[in-house]
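One structure is given here, and the rest of the page talks about it.
We count residues from 1, following the sequence as given. As the structure is a prediction and not an experimental result, all values here were calculated from the model.
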Amino acid sequence: MTRLDRTRTSPHQLRPFFSSQNLLNRADGSAQFDFGGSSVLCSVVGPAEVKIRDEQLDKATVEVVARPLVGLPSVKDKAREQNIRETLEPILLSGLHPRTLIQIVVQTMKDDGCILSTAFNATILALLDAGIPLKSILGSVTCIIDANSNEILLDPTTEELAQAKSTHVFVFDNKSSIANSEDVMDQEELLANVLFSDSTGSFSEEEYFECSRVCFKAAQAVHGFIRTAVEKKLQKEYQTQA
């Protein structure tokens with residue numbers, strides 16, 4: 001099958017990654033992550049003082065603000081805030097900073113498809129840049145089932161999303177990626193490795209699990225890229241200090 005995105009020849013080929021950290025001076029951590037033509041800038045402030053009404057005695061309060069490319073936040077942006085917050089809370093070691101606030105602001109810079117996955121990846125890089133303690137590192141990938149060919153396409157563009165029978169967003173942590181590097185997982189093991197899943201459209205159970213397998217394999221490349229990006233940043237900091 002020939003993809004609408006002519007820069008890629010394979011249905012399971014991801015667009016090029018790009019990331020940059022420590023971009024904003026007034027934030028404790030910041031990062032930009034690009035999936036091809038999609039780009040998200042994320043800032044993290046905290047642990048900081050929290051309002052009494054939001055204070056939690058045993059852990060930090062996590063607040064996520066999603067800002068669209070233009071205009072005011074819509075229902076989709078509010079849903080994106082909830083998805084990111086509920087996925088991050090289990091992997092944040094927020095118990096180390098009780099009665100504080102960790103504020104995450106996600107700003108869409110360019111949107112050419114897969115903006116939720118791009119936001120997830122930008123957020124984890126910003127949290128690492130801020131030094132927020134984490135249980136694991138997440139990586140997110142989106143795929144679609146094409147309405148014409150019924151084939152699974154990874155990392156679709158906006159044009160490809162318009163011709164999708166169904167769209168699937170997955171988030172996996174790097175622990176599951178390391179532990180299950182071989183493609184020998186059954187359905188229960190695969191579901192246990194999913195931190196977040198959002199599927200829309202018409203699809204069968206078999207198609208869903210095949211999408212999750214394809215995205216799980218692609219997420220390992222995202223995990224590797226994030227690790228490399230953080231290592232290069234740390235090496236650069238050590239060289240500067242020396």
Side-chain angles (χ1 to χ4, degrees), residues 18-34 38-111 115-140 171 173-175 195-196 222-223 225-227 229-238 240-241:
F18 171 81
S19 72
S20 183
Q21 293 174 272
N22 196 24
L23 298 170
L24 304 176
N25 294 329
R26 296 187 178 182
D28 294 306
S30 58
Q32 180 177 333
F33 187 90
D34 294 6
S38 294
S39 178
V40 170
L41 177 64
C42 179
S43 68
V44 174
V45 174
E49 185 178 355
V50 63
K51 294 180 180 179
I52 295 177
R53 68 180 184 186
D54 298 326
E55 185 178 86
Q56 300 185 71
L57 296 177
D58 59 340
K59 61 181 180 179
T61 300
V62 180
E63 178 184 286
V64 179
V65 179
R67 294 175 178 168
L69 183 61
V70 292
L72 298 174
S74 63
V75 174
K76 286 185 177 181
D77 297 302
K78 294 300 179 183
R80 190 176 303 151
E81 292 175 358
Q82 181 178 356
N83 292 335
I84 294 173
R85 185 182 68 255
E86 292 180 351
T87 305
L88 287 175
E89 283 180 335
I91 68 170
L92 285 170
L93 295 173
S94 55
L96 298 176
H97 303 286
R99 304 174 71 177
T100 62
L101 172 69
I102 298 174
Q103 185 184 61
I104 301 167
V105 179
V106 179
Q107 172 68 60
T108 300
M109 306 298 287
K110 293 183 291 183
D111 187 356
I115 202 65
L116 181 55
S117 286
T118 309
F120 271 118
N121 297 329
T123 301
I124 202 69
L125 276 169
L127 287 168
L128 290 167
D129 188 53
I132 302 296
L134 305 167
K135 294 178 183 176
S136 59
I137 298 173
L138 61 78
S140 179
V171 178
D173 65 21
N174 64 328
K175 289 182 179 179
L195 289 178
F196 171 82
V222 177
H223 290 146
F225 176 82
I226 291 173
R227 283 195 298 270
V230 173
E231 287 172 0
K232 287 183 177 179
K233 174 182 175 290
L234 292 175
Q235 289 174 359
K236 188 175 181 180
E237 288 179 351
Y238 291 147
T240 303
Q241 292 174 1

(request) May I ask you to decide if the ring planes of Phe120 and Phe196 are parallel, tilted or perpendicular, using 30° and 60° as cut-offs? (result) tilted
(message) Would you compute the distance between atom NZ of Lys110 and atom CG of Asp34 and round it to the nearest 0.5 angstrom?
(response) 5.5 Å
(message) Restricting to non-hydrogen atoms, name the atom on Val50 and the atom on Arg99 that form the minimum distance, rounded to 0.1 Å.
(response) CG1-O, 3.5 Å
(request) Could you walk me through whether Leu127 and Ile104 pass side-chain contact (heavy atoms from CB on, under 4.5 Å), step by step? (result) CA-CA 9 Å; Leu127 287 168; Ile104 301 167; 4.1 Å; yes
(message) I'd like to check Leu134 versus Ile124 (side-chain heavy atoms, cut-off strictly below 4.5 Å). Are they in contact?
(response) yes
(message) As an exercise, state the distance from CG of Leu195 to OG1 of Thr87, rounded to the nearest 0.5 Å.
(response) 7.0 Å
(message) Working to the nearest 0.5 angstrom, can you tell me the gap between Ile226 CD1 and Leu128 CG?
(response) 7.5 Å
(message) Within this structure, what is the NZ-CG distance for the pair Lys76 and Asn83, rounded to the nearest 0.5 Å?
(response) 12.5 Å
(request) Check for a donor-acceptor pair, side chain of Ser30 on one end and backbone N or O of Ala27 on the other, with a separation under 3.5 Å. (result) no
(request) Write down the atom of Ala66, the atom of Asp77, and the distance for their closest heavy-atom approach. (result) CB-O, 3.6 Å
(request) Give a yes or no on whether the backbone of Asp54 and the side-chain of Thr61 come within a donor-acceptor separation of less than 3.5 Å. (result) yes
(message) Just so I know, are the side chains of Leu138 and Leu88 near enough to count as touching, which here means a heavy-atom distance under 4.5 Å?
(response) yes
(request) Starting at NZ of Lys232, measure out to OG of Ser19 and round the result to the nearest 0.5 Å. (result) 8.5 Å
(request) Could you tell me whether the side chain of Glu63 and the main chain of Gln103 form a donor-acceptor pair under 3.5 Å? (result) no
(message) With heavy-atom distances below 4.5 Å as the criterion, would you say the side chains of Ile91 and Asp173 are in contact?
(response) no
(request) Examine distances only and state if a side-chain atom of Asp28 and a backbone atom of Gly46 form a donor-acceptor pair shorter than 3.5 Å. (result) yes
(message) I'd like to know if the side chain of His97 reaches the main chain of Ala60, judged simply by a donor and an acceptor atom lying under 3.5 Å from each other, with no hydrogens or angles considered.
(response) no
(request) Test side chain to side chain donor-acceptor pair (under 3.5 Å) on Thr118 and Asn121 and set out the steps. (result) CA-CA 5 Å; Thr118 309; Asn121 297 329; 5.9 Å; no
(request) Nearest 0.5 Å please: distance from the CD1 atom of Ile137 over to the CG atom of Leu125. (result) 8.5 Å
(message) For a side-chain contact (heavy atoms from CB on, under 4.5 Å) check, start with the C-alpha distance between Asn174 and Arg227, then their side-chain angles and the critical distance, and finish with the verdict.
(response) CA-CA 10 Å; Asn174 64 328; Arg227 283 195 298 270; 4.2 Å; yes
(message) Could you report the tightest heavy-atom contact between Val106 and Cys42, atom names first, then the distance?
(response) CG2-SG, 4.2 Å
(request) Applying side chain to side chain donor-acceptor pair (under 3.5 Å), name anything that partners Ser38, two or more places apart in sequence or on another chain. (result) none
(message) Can you give me the closest heavy-atom contact between Ser39 and Gln32, atom names plus distance?
(response) OG-NE2, 3.0 Å
(message) One pair to check against side-chain contact (heavy atoms from CB on, under 4.5 Å): Gln21 and Val230. What are the steps and the verdict?
(response) CA-CA 9 Å; Gln21 293 174 272; Val230 173; 4.3 Å; yes
(request) Among residues two or more places apart or on two chains, list those pairs meeting side-chain hydrogen bond (donor to acceptor under 3.5 Å, both in side chains) that have a residue in residues 43-53. (result) none
(message) Measuring only between side-chain heavy atoms, which start at C-beta, is Val44 closer than 4.5 Å to Asp129?
(response) no
(request) Could you pull out the closest heavy-atom pair between Ser140 and Ser117, with the gap in Å? (result) OG-OG, 2.8 Å
(message) Tell me if a side-chain donor or acceptor on Gln107 pairs with a main-chain N or O of Pro68 at a distance below 3.5 Å.
(response) yes
(message) Which residue is it: Glu86, Lys78, Arg80, Arg85? I am looking for the one with a side-chain hydrogen bond (donor to acceptor under 3.5 Å, both in side chains) to Gln82.
(response) Glu86
(request) Identify, with sequence neighbours excluded, every residue that meets side chain to side chain contact (heavy atoms under 4.5 Å, CB included) alongside Leu96. (result) Leu93, Pro133
